[in-house]
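Structure, as structure tokens:
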Amino acid sequence: MIYNPRSEEAYRLLHDGILALARAERQGIRLDVKYVEKKMKSLTVKIDDLETEFRRTKFFKHWQHSMTGTINIHSGTQLSVFLYKIKKIKIEKTTVSGQGATDDEALKQMNIPELNLLLKVRKLKRIRDTYLSGFLREQVDGYIHPFFNLNLVITYRSSSDHPNFQNIPVRDKQSMRICRKALYPRPGHQLLEADFKGLEVAIATCYHKDPTMIKYVSNPKSDMHGDMAQQIFMIDKFNKEVPEYYTLRQAAKNGFVFPEFYGDYYKNCAVNLACGWGKLPQGKWSPGQGIPLPKGTLSDHLISNKIKSIDHFTEHIKGIEEHFWNVRFPKYTEWKNRWYDKYKKRGYIELLTGFMCSGVMSRNDCINYPVQGAAFHCLLWTFIRLDELIRSEKLRTRLIGQIHDSILLDVYPKERKYITEMVHKITCFELPEVWKWIIVPLDVDMSICQIDAPWSEKEKYIFK
DNA sequence: GGAACTCGCCAC
DNA sequence: AAACGTGGCGAGTTCC
């Protein structure tokens with residue numbers, strides 16, 4: 001529901017936005033149908049081989065004898081019964097409904113080699129049955145036409161379906177290559193991706209205006225995640241060019257900073273940091289454990305700093321969390337409290353882009369929704385402007401997709417220089433000019449594929 | 001035989 | 001006091 005003085009502008013954003021997105025839907029993304037069909041077949045062979053291998057193991061025989069009906073090795077329910085009721089493995093992790101979990105994390109923890117076969121099969125099946133078969137089912141004359149919705153997400157973000165273009169694998173290299181190798185530019189064209197850099201952090205800063213955060217997001221040489229890695233892991237001379245330290249920086253970013261922004265708390269962060277990212281065991285630590293560092297391993301380093309167990313580490317992270325919110329970013333904390341109090345008083349919150357969120361919201365919801373929503377609106381505004389530009393100048397480049405803070409274009413190579421300059425101009429200059437509430441610089445990262453190359457072959461693009 | 005649910009997992 | 005936000009989707013399972 002939109003009911004505020006800026007509702008006309010807010011309305012126009014969604015009106016123009018959905019039209020621009022509909023034009024992208026109509027354009028579509030080129031699919032290599034032959035490749036997908038071939039790959040699905042070869043994946044099927046691999047999956048069958050792995051399943052055959054699994055069925056020969058003692059583990060499987062035991063499972064089979066333990067039950068009366070026929071086994072479905074892909075049934076979480078059956079696996080849960082076998083692992084926790086028959087084999088009586090102690091439940092370390094439960095599902096939301098309280099059953100013993102059988103997800104990746106739970107199975108890895110058990111250290112049963114046969115389960116690794118099952119995990120491999122799961123991954124390959126997902127590639128085949130979710131992504132490749134989805135592409136094939138949805139393609140028309142060699143093009144997929146993902147939908148982009150503006151009316152389904154509570155935070156005012158978009159969603160995508162038929163097929164979902166916003167969850168194609170990227171982090172896992174094998175899955176990324178297989179899935180993204182299916183998607184091509186038009187003949188003679190090249191795929192270009194433009195991503196806002198740290199968009200949600202920048203937009204959050206426009207709400208809370210914490211001076212330390214303003215410095216972090218305004219100074220390209222500063223490095224919040226590096227600083228947090230240095231503090232969390234107690235590194236004297238931190239240098240993100242050192243590969244081992246870069247890993248710690250990734251851990252700090254994805255295992256502490258972002259979860260804290262979303263409202264997580266230190267206990268979860270500590271376990272994820274140490275056991276997930278750092279590969280340390282739960283309980284007491286011994287020398288030589290965990291990921292390697294320039295000298296020794298993570299456990300060696302932490303033990304030398306008097307942190308000898310997950311409990312010690314959790315206490316340490318508790319201190320880091322307190323420092324993070326009370327010393328490093330106190331104005332951010334004040335804003336969170338003020339913002340939530342305001343919601344409790346009025347029953348709604350207002351986004352910087354003029355939209356309202358109301359209804360029952362938790363504290364975390366109140367703090368996250370306006371950031372997610374306004375950040376996506378920056379993307380949508382850019383998308384609309386690019387769509388107008390491409391149509392008014394009758395360019396051959398096409399807008400073909402969008403993933404929350406990034407835009408995918410199918411670029412006519414002769415227009416590449418012009419398009420990338422315009423993307424830069426629109427995102428970094430025009431947008432903050434029009435929306436005065438954007439008080440920190442915005443920046444955009446671009447990556448590109450060679451002419452006629454698929455999406456899996458993306459490289460960094462330096463346009464300046 | 002389909003609707004609704006749970007679980008697991010992909011993205012940002 | 002509470003304790004990570006938003007989606008889509010496939011497969012298995014249960015309910016009617």
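Throughout, protein chains are lettered first and strands after them, A, B, ... in sequence-line order, and every chain is numbered starting at 1.
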*Taking the side chain of A/S159 as its heavy atoms from C-beta onward, which of C/dT6, B/dC12, C/dG8 lies nearest to it?*
C/dG8

_Within the 4.0 Å heavy-atom criterion, would you say A/I367 contacts the bases, only the backbone, or no part of the nucleic acid?_
nothing

_Candidates B/dA11, C/dC4, C/dG7 - which lies nearest the side chain of A/I154_ = C/dG7

*A/N167 side chain near C/dG8 phosphate (N/O to OP1/OP2, under 4.0 Å)*: no

_Taking any heavy-atom pair under 4.0 Å as a contact, classify A/S160: base, sugar-phosphate, or nothing._
sugar-phosphate

*Report the distance from atom CG of A/L152 to atom P of B/dA11, rounded to the nearest whole Å.*
21 Å

*asked:* Categorize A/E200 for me: base, sugar-phosphate, or nothing, with a 4.0 angstrom heavy-atom threshold over every strand shown.
replied: nothing

*Describe the nucleic acid contact of A/P259 in one word from base, sugar-phosphate, nothing, applying a heavy-atom distance below 4.0 Å.*
base

_From the set B/dC12, C/dA3, C/dT13, return the single nucleotide nearest to any side-chain atom of A/D405._
B/dC12

*Give one of base, sugar-phosphate or nothing for A/Y369, where a contact means two heavy atoms less than 4.0 Å apart.*
sugar-phosphate

*Quick one: A/D129 CG to B/dC7 P, roughly how many Å, whole number?*
21 Å

*Kindly indicate whether a cation-pi arrangement holds for A/R328 with A/F324, taking the cut-offs as under 6.0 Å to the six-membered ring centre and within 45° of the axis.*
no

*Give a yes or no on whether a salt bridge exists between A/R30 and A/D410, defined as a side-chain N under 4.0 angstrom from a carboxylate O.*
no

*asked:* Rounded to whole Å, please give me the gap between NZ in A/K123 and P in B/dA11.
replied: 11 Å

*Touch check for A/Q99, heavy atoms < 4.0 angstrom, all strands: base, sugar-phosphate only, or nothing?*
sugar-phosphate

*asked:* With a cut-off of less than 4.0 Å, is there a side-chain N or O of A/R363 near OP1 or OP2 of C/dA3?
replied: no

*Does a salt bridge link A/D49 with A/K46, judged by any charged N lying under 4.0 Å from a carboxylate O?*
no

_Separation of atom CE in A/M361 from atom P in C/dA2, rounded to whole Å_ = 19 Å

*Closer than 4.0 Å, any side-chain N/O of A/T130 to the OP1 or OP2 of B/dC10?*
no

*A/Y265 side-chain N/O to C/dA2 phosphate OP1/OP2 under 4.0 Å*: no

*Closest listed nucleotide, where the reference is the side chain of A/H162 and the choices are C/dC4, C/dC9, B/dC9*: C/dC9

*Ignoring backbone atoms, establish whether A/T102 has a side-chain N or O less than 4.0 Å from OP1 or OP2 of B/dG8.*
yes

*Give a yes/no answer on whether the side chain of A/R157 brings an N or O atom under 4.0 Å of OP1 or OP2 in C/dG7.*
no

_Donor-acceptor under 3.5 Å (A/Y131 side chain, A/N167 main chain)_ = yes

*Carboxylate-amine/guanidinium contact A/E105 A/K108, below 4.0 Å*: no

_Considering every strand and a 4.0 Å limit on heavy-atom distances, what is the contact class for A/G76: base, sugar-phosphate, or nothing?_
nothing

*Can you tell which of B/dC9, C/dG5, C/dG7 lies closest to the side chain of A/N364?*
C/dG5

*Within this structure, what is the CG-to-C1' distance between A/N268 and C/dG5, rounded to whole angstrom?*
14 Å

_Is the phosphate of C/dG12 approached by A/N72 (side-chain N or O, under 4.0 Å from OP1 or OP2)?_
yes

*Base, sugar-phosphate alone, or nothing: which one does A/V96 contact when heavy atoms must sit under 4.0 Å apart?*
sugar-phosphate

*What is the ring orientation for A/F60 with A/F54, classed by angle as parallel under 30°, tilted 30 to 60°, or perpendicular over 60°?*
perpendicular

*How close or far is atom P of B/dG8 from atom OH of A/Y131, stated in whole angstroms?*
17 Å

*Please determine if a side-chain N or O atom of A/Q402 lies less than 4.0 Å away from the OP1 or OP2 oxygen of B/dC12.*
no

*Is A/R157 paired with A/E200 through a side-chain N to carboxylate O contact shorter than 4.0 Å?*
yes

_Base, sugar-phosphate or nothing for A/N368? Non-hydrogen atoms, less than 4.0 Å._
sugar-phosphate

*For A/F147 and C/dG7, what is the distance between atoms CZ and C1' respectively, to the nearest whole Å?*
17 Å

_If I take atom NZ in residue A/K318 and atom C1' in nucleotide C/dA3, what distance separates them, rounded to the nearest angstrom?_
14 Å

*Kindly say if A/R171 contacts the phosphate of B/dA11, meaning a side-chain N or O under 4.0 Å from OP1 or OP2.*
yes

*asked:* Please pick, from C/dG8, B/dC7, C/dT6, the nucleotide with the shortest atom-to-atom distance to any side-chain atom of A/N164.
replied: C/dG8

*Please work out whether the ring planes of A/W435 and A/W381 are parallel, tilted or perpendicular, with thresholds of 30° and 60°.*
tilted

*Could you tell me whether the side chain of A/Q166 has a donor or acceptor atom within less than 3.5 Å of a complementary atom in the base of C/dG7?*
no

*Give a yes/no answer on whether the side chain of A/R137 brings an N or O atom under 4.0 Å of OP1 or OP2 in C/dG10.*
yes

_For a quick test of reading the model: is some side-chain N or O of A/S97 closer than 4.0 Å to OP1 or OP2 of B/dT6?_
no

